[in-house]
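Everything on this sheet refers to the single structure shown next.
Hydrogens, waters and symmetry mates play no part in the numbers below; they use all other heavy atoms, side chains included. Everything numeric here is computed off the predicted structure, so don't read it as measured data.
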Amino acid sequence: MKKRALFLLGLLCLCLCLPGSGAAQVTPQAPATVAAPGTISGTLVDSLSGKPIEYATVALVAKGTSAAVGGTLTNTQGQFSFHKIALGQYTLVFSFLGT
């Protein structure tokens, strides 16, 4: 029951962090300068106990902005990943409510 409540709370936080749908004008780049998309992945671990943190919210934020460009939850092993990420600098923001 507690895990389900944490999962739903994390999902709510994730939905609130993601920007709403909208349109933006994009300037096309030359194919020679476009880098292949990458992957960012990791495991979130409690620094005191060393145990993985389950169902924590992970937001991917582009450097210099405050808007999340992606978001996910950690799994039961504390693992998370983002796929097809454009070349750039990002900050990972973790949040978790628990005891």
Side-chain angles (χ1 to χ4, degrees):
M1 182 69 176
K2 188 175 184 181
K3 285 184 183 180
R4 182 182 173 113
L6 288 174
F7 174 77
L8 293 175
L9 183 60
L11 189 59
L12 176 64
C13 291
L14 178 64
C15 290
L16 293 175
C17 290
L18 294 176
S21 63
Q25 193 172 23
V26 178
T27 305
Q29 294 179 335
T33 62
V34 176
T39 299
I40 297 173
S41 61
T43 303
L44 187 58
V45 179
D46 185 299
S47 63
L48 299 177
S49 69
K51 294 181 181 179
I53 299 177
E54 302 174 342
Y55 307 112
T57 303
V58 184
L60 182 65
V61 179
K63 187 174 182 178
T65 70
S66 61
V69 295
T72 190
L73 294 173
T74 59
N75 64 14
T76 56
Q77 290 82 35
Q79 300 169 338
F80 65 91
S81 61
F82 295 95
H83 302 282
K84 298 183 181 177
I85 303 299
L87 182 65
Q89 294 183 351
Y90 298 92
T91 300
L92 290 172
V93 179
F94 304 97
S95 61
F96 176 77
L97 298 176
T99 56

Open item on the list: Are V69 and I40 connected into the same hydrophobic cluster when the rule is that any two of I, L, V, M, F, W, Y join if their side-chain heavy atoms are below 4.5 Å apart?
Closed with: yes
Side-chain atoms of residues 80-93: list all donor-acceptor pairs with protein atoms under 3.5 Å, sequence neighbours left out, distances to 0.1 Å.
{"from": "S81", "atom 1": "OG", "to": "H83", "atom 2": "NE2", "distance (Å)": "3.2"}
{"from": "Q89", "atom 1": "OE1", "to": "K63", "atom 2": "NZ", "distance (Å)": "3.1"}
{"from": "Y90", "atom 1": "OH", "to": "A86", "atom 2": "O", "distance (Å)": "2.8"}

Task: Linked hydrophobic residues, L48 as query - side chain contacts closer than 4.5 Å - done: none
TODO: Starting at CZ of F96, measure out to CG of L44 and round the result to the nearest 0.5 Å.
DONE: 9.0 Å
Open item on the list: Could you go through Y55 and N75, starting from their C-alpha distance and side-chain angles, then the distance that decides it, and tell me whether this counts as side chain to side chain contact (heavy atoms under 4.5 Å, CB included)?
Closed with: CA-CA 6 Å; Y55 307 112; N75 64 14; over 6 Å; no
TODO: Could you pull out all residues at least two apart from S49 that satisfy side chain to side chain contact (heavy atoms under 4.5 Å, CB included)?
DONE: D46, K51
Open item on the list: How close do G78 and P52 get, counting heavy atoms only, and between which atoms?
Closed with: N-CB, 3.8 Å
Open item on the list: Can you give me the closest heavy-atom contact between T43 and Q79, atom names plus distance?
Closed with: OG1-CG, 3.6 Å
Open item on the list: Could you check whether any side-chain heavy atom of I53 comes within less than 4.5 Å of a side-chain heavy atom of V45, counting everything from C-beta outward?
Closed with: no
